[in-house]
Amino acid sequence: MDLLRSYAEDDEIANPNSQSSPDSSPIRMLPSKSAAPKVDDTMLALTVAGEAARAQSKPLDPTQHLVGFNPTYEQLWAPICGPAHPYAKDGLAQGLRNHKLGFVEDASIEPFVFDEQYNTFQKYGYAVDPSENSYIGDLEKMKECDAISVYNIPQHEQKKRKLEKKKEKMEEEGDEQDVDMTEVENPSTDTWLMKNRKSPWAGKKEGLQVELSEEQKKYAEEYAKKKGEERGGDKDKAEPMVEKSTFHGKEEKDYQGRSWIAPPKDAKAANDHCYIPKRLVHTWSGHTKGVSAIRFFPKHGHLILSAGMDTKVKIWDVYNSGKCMRTYMGHTKAVRDIWFSNDGSKFLTAGYDKYIKYWDTETGQVIQTFTTGKIPYVVRLNPDEDKQNVLLAGMSDKKIVQWDINSGQITQEYDQHLGAVNTITFVDNNRRFVTSSDDKSLRVWEYGIPVVIKYISEPHMHSMPSISPHPNGNWIAAQSLDNQILIYSTRERFQLNKKKRFAGHIVAGYACQVNFSPDGRFVFSGDGEGRCWFWDWKSCKVFRTLKCHDGVCIGAEWHPLEQSKVATCGWDGLIKYWD
């Protein structure tokens, strides 16, 4: 063919102007046919591949002068030593080894060919040995099966299998037209076995319903009652605890008719310059479990309110007797957060029993109860005097819910967070508020509009379980769970102040409260080891640390009027007053 093409090309070059006659036609080449029988070349392919692989993996003979392939680096630099080296335990020199047991030859076999021989050996007991070009295993079975593999099943065998499958399917579907009934009833026949076979996953046979004994009935009733009690705590319809309050003072009104919550008239109206406290002056102990939050009475600080994990809320006298004045009992689980109204006559409590309660401070009566069926983590009243009936609560279901206390109705829902809401802080003359969440972000909202106006989230940010505003209103301090306090501006852009960062304390894992002194000169916070840390606002340096509690120091509040008085609370159940 090549010769013919070359002649044609030479002819065209010699006579470029000559045109082929219309009668001329291209040469037709008939397909070649071979009379030789078709040979299975699987063995040949295996043998050739095996020899090539062996040649390339075998170490080179140092006496040969010509290499017919490209040897590898390891083959060229293998040490020159014979197979019977005196230091080789098994008679193989180190250069001839490629396995800890000696030398293993590589065989280049296609995955399909290997699977075919492997499955043939598993089924029939024989397979092709690629190294010797012969069969190994059960040779009698090989002759009987005519050396077929699992992938060359004869046509009649395939038809037989299809018939068997069809028969099984018909039996499963219940086609009993051609089945002999005597065979179906006889347990010794294959038909009976096919009919009565059962899957090992079918499960036990359902027995007859037996009446329970008296003891079993009693046990079943007790179990059902116990389960109902367990589930009852999780239901939204669970009834709240009956509220009650106990007054511990001498009398609720003095001889002039003034209430026990009235502030003393000699209290100072302003606080010029604050100082860091040095010593413990008083300890309030009355909670049987840890104290989760404390709040001074607004503007005067003559009373301090505490929320306990023992489900109780207590209010204590600060100026005179230093004793507990009233206990408020209305929650069935630990109290998470508390918040005073602007005049201190009322306060809010949020508990893990999913209820928010609005109390009268003086009488101990519950004015209103709120719930959405989720745990409230933070409660706040709008600080504006004309909006003291507006309650905001950060819930465990990622929402901030706004209620009208007078009507008890939900008036707004702020639903953008991706985790439980931890804090609500009003800024910008109470027109906006900042919220933090377990989703490690800060979001800024316009009050009354459920659309985020600023979203702050960075890959390096951690969750911020406590936020406090600076007295001048221009900054907020956020307790970050990577053991530092970050400062954000409350201006339009809410930027992080990178120059101010307060660190040194260990708060990872604890929602320790951060706060400011009334003059804004000091930042202070509790930590996970029971200490209270004080930093200078301008220099950001640690000013002083006080060892306050045995466990976690979770809350710290500066007295609104006294220059150097600080109250701390901890999980040891104590509230301490420092001067």
Side-chain angles (χ1 to χ4, degrees), residues 241 245-246 248 277 280-298 301-318 321-340 344 347-353 355-357 359 361 364 375-380 422-423 465-468 479 505-507 509-515 524-533 545-560 565-579:
M241 176 183 170
S245 176
T246 308
H248 305 290
L280 178 68
V281 292
H282 191 70
T283 302
W284 291 287
S285 59
H287 287 286
T288 55
K289 292 183 181 178
V291 180
S292 54
I294 51 172
R295 302 280 183 265
F296 273 110
F297 196 91
H302 62 290
L303 299 170
I304 187 168
L305 189 69
S306 64
M309 296 179 188
D310 55 0
T311 75
K312 295 182 178 68
V313 177
K314 293 177 179 283
I315 193 163
W316 314 79
D317 181 63
V318 176
S321 64
K323 293 180 180 177
C324 179
M325 299 299 290
R326 190 180 275 279
T327 302
Y328 307 88
M329 293 164 281
H331 290 279
T332 56
K333 292 186 180 178
V335 183
R336 162 81 184 203
D337 194 24
I338 49 177
W339 194 255
F340 269 115
F347 66 89
L348 288 163
T349 60
Y352 282 101
D353 58 359
Y355 285 98
I356 301 166
K357 302 205 173 185
W359 301 79
T361 312
I375 299 170
Y377 283 161
V378 56
V379 283
R380 291 290 182 271
N422 292 324
T423 65
S466 175
I467 292 179
S468 183
Q479 181 83 267
H505 58 323
I506 306 295
V507 291
Y510 302 105
C512 295
Q513 184 185 357
V514 62
N515 230 318
F524 64 106
S525 164
D527 77 350
E529 297 171 349
R531 290 192 291 265
C532 187
W533 292 66
T545 58
L546 296 172
K547 177 63 177 171
C548 300
H549 297 274
D550 291 336
V552 181
C553 179
I554 199 75
E557 285 262 334
W558 206 294
H559 196 282
K565 300 280 179 70
V566 172
T568 61
C569 66
W571 285 3
D572 54 1
L574 301 175
I575 303 157
K576 295 188 177 181
Y577 197 39
W578 303 82
D579 186 8

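Residue I315 comes nearest to T361 through the heavy atom pair CD1-CG2, 3.8 Å, listed as atom of the first residue, atom of the second, then distance. A350 approaches V379 most closely through the heavy-atom pair CB-CG1, 3.7 Å. Listed here is the closest heavy atom pair of G322 and W284: O-NE1, 2.9 Å. Heavy-atom minimum distance, V313 versus T349: CG2-CG2, 3.8 Å. Nearest heavy atoms, S468 versus V514: CB-O, 3.2 Å. Residues C553 and C512 share a closest heavy-atom pair of O-SG, 3.6 Å.
A distance of 12.0 Å separates NZ of K576 from SG of C532, quoted to the nearest 0.5 Å. In this structure, I554 CD1 and M309 CE are separated by 6.5 Å, a value rounded to the nearest 0.5 Å. One finds the CD1 atom of I575 at 9.0 Å from the OG atom of S285 (value rounded to the nearest 0.5 Å). Between H302 atom NE2 and F297 atom CZ the span is 4.5 Å, to the nearest 0.5 Å. Of the inter-residue distances, the one linking D550 atom CG with E529 atom CD reads 13.0 Å to the nearest 0.5 angstrom. Distance CH2/W558 to OG1/T568: 12.5 Å, rounded to 0.5 Å.
Between the D579 side chain and the V281 main chain, no donor and acceptor come within less than 3.5 Å of each other. Formation of a donor-acceptor pair under 3.5 Å by the D572 side chain with backbone atoms of H549 is not found in this model.
Contact annotation: the side chain of F524 approaches that of V566 to within less than 4.5 Å [non-hydrogen atoms, C-beta and beyond]. Side-chain contact check for R380 versus L348: every heavy-atom pair is 4.5 Å or farther apart. Residues M325 and H248 are not in side-chain contact: their nearest non-hydrogen atoms beyond the backbone lie 4.5 Å or more apart. Side chains of W571 and V291 form no contact here, defined as non-hydrogen atoms less than 4.5 Å apart.
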* To do: Let me see the working for R295 and I304 under side chain to side chain contact (heavy atoms under 4.5 Å, CB included), right down to the final yes or no.
  => CA-CA 6 Å; R295 302 280 183 265; I304 187 168; over 6 Å; no

* **Evaluation steps, side chain to side chain donor-acceptor pair (under 3.5 Å), between Y377 and R336** => CA-CA 6 Å; Y377 283 161; R336 162 81 184 203; 5.9 Å; no

* Asked: Step by step, would you call F296 with H559 a side chain to side chain contact (heavy atoms under 4.5 Å, CB included)?
  -> CA-CA 7 Å; F296 273 110; H559 196 282; 3.6 Å; yes

* To do: Could you give me the CA-CA distance, side-chain angles and deciding distance for V507 and Q479, then say whether side chain to side chain contact (heavy atoms under 4.5 Å, CB included) is met?
  => CA-CA 8 Å; V507 291; Q479 181 83 267; 3.7 Å; yes

* Using the side chain to side chain donor-acceptor pair (under 3.5 Å) rule, take K314 and T327 through it: C-alpha gap first, then chi angles, then the decisive distance, then the call. => CA-CA 5 Å; K314 293 177 179 283; T327 302; 3.1 Å; yes

* Could you walk me through whether D317 and L303 pass the side chain to side chain contact (heavy atoms under 4.5 Å, CB included) test, one step at a time? => CA-CA 5 Å; D317 181 63; L303 299 170; 4.1 Å; yes

* **side chain to side chain donor-acceptor pair (under 3.5 Å) between W316 and S306, worked out** => CA-CA 8 Å; W316 314 79; S306 64; 2.9 Å; yes

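For the residue pair Q513 / S525, no side-chain donor-acceptor distance below 3.5 Å is found, with atom types taken as modelled. Side-chain N/O atoms of T246 and R326 include no donor and acceptor closer than 3.5 Å.
Relative ring orientation between W533 and H505 is described as tilted, the plane-to-plane angle lying within the 30° to 60° band.
When the shell of 6.0 Å around NZ of K323 is examined, it contains 12 or fewer heavy atoms from other residues, nucleotides or ligands.
Under the 6.0 Å cut-off for aromatic ring centres, Y328 and F347 qualify, their centroids lying closer than that. Note: H331 and Y355 fail the aromatic proximity criterion, with ring centroids not under 6.0 Å apart.
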